[in-house]
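Throughout, protein chains are lettered first and strands after them, A, B, ... in sequence-line order, and every chain is numbered starting at 1. What you are looking at is a predicted structure, and each value in this text was computed from that prediction instead of being measured.
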Amino acid sequence: MRWIRSFPLLIVLIAALGCAYTLKDLDETYIAESFVLGRWLTFIRGDSVSKDEVIQLLGRPTEVFEEGRILIYRLILAEEEIKDKGPYSFLWRSEYPVPAFNDKIPTHNKIRNKLASQDDALGAVGRRYDWKLYLQILGRQAEYSLVLVFDERATLRRYRLLRVKP
Amino acid sequence: MIIRWLYFAVFIFSVLNGCIYIPTPEHGDLGTRDRLEKTTLDPILAGKTTREEVLLQLGEPDFVDGEDRIFVYHWSMVVGYFYIWPDWEGIIPRQHFFLIEFDDHGNVKRYELKEFGGIGSLDKLDHDRW
């Protein structure tokens, strides 16, 4: 009956394995703010970026504060299987609040991607055309808040990309 | 020995009454924004921090009042699980709200972190009376 005494230990080990497996999946390299900025939004790092340029490239902002001095874009990074082309990752500008990505509820994610993709995608990466870029396709998906602050001449003064949802 | 176990079983079943509640530390996400950590909220100070700084620090609010005077950030966490015999199970959520009010100059006037259990929404928060 010695095995009965070690039963709690077995439960703890199984639970720990579950945790380890989950953590292994959480490779955040490609959803880190710095990576997303460098991969998808390099233009905002340039000198004298004007508000017009930003709106031309990103479209209508999700939120506007202080009479247009501060613009916010809700950006969704998502991956979807494209027929005959394989998985693509997209950066979407979404005007609609969308639920966070949840790898346990695929239906939920389909709704999420459908909601997010009602606006134009800002960019896409597919493995068929560039294997190196495919390697950068996300293991997970994320939502960001891009905050852009302009000066009185409508030139970009400060910005920050924040990951707000997993 | 068997009698003792029987008494124990009767006691346990009468207490549980077909329901098991397993409390856990806060974890997971329920489709809302990620938790705002204390370190993220610490730099926000009444009378000093501006609306611009709040937005750069926290991102897009989940709710904004008509005149940009009140921002609300909301996130939900799992704080436990329940099981009711025979086959009803689920999570026990806790709602967190970070409310900020700005003055006429766009500086933080006051802020508060509120939380309550259960399935919640901004309606339940009743920010108008905050």
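Heavy atoms of A/E63 lying under 4.5 Å from chain B belong exclusively to its side chain. Both the backbone and the side chain of A/V164 come within contact range of chain B, with heavy atoms under 4.5 Å apart. B/L58 touches chain A through its backbone: at least one of N, CA, C or O sits under 4.5 Å from a heavy atom, while the side chain does not.
Following chains of ILVMFWY side-chain contacts shorter than 4.5 Å, one cannot reach B/W5 starting from B/I3, and the two form parts of different hydrophobic clusters. A/I55 and A/L161 fall within a single hydrophobic cluster, where Ile, Leu, Val, Met, Phe, Trp and Tyr are joined by side-chain heavy atoms under 4.5 Å apart, directly or via other members. When hydrophobic clusters are built by joining Ile, Leu, Val, Met, Phe, Trp and Tyr residues whose side-chain heavy atoms come closer than 4.5 Å, directly or via intermediates, B/L45 is not grouped with B/L99.
Here the CD-CG distance, from B/Q57 to A/L162, works out to 7.5 Å after rounding to the nearest 0.5 Å. Annotation: the span from B/E60 atom CD to A/I70 atom CD1 amounts to 13.0 Å, rounded to 0.5 Å.
In terms of heavy-atom proximity, A/R158 sits nearest to B/L56 at CZ-CD1, 3.4 Å. Taking every heavy atom of both residues into account, B/L55 and A/V147 meet most closely at O-CG2, 3.4 Å.
Ring centroids of B/F71 and A/F65 are separated by less than 6.0 Å, placing the two rings close together.
Surrounding CD of B/E37 are more than 12 heavy atoms belonging to other residues, nucleotides or ligands, all under 6.0 Å away.
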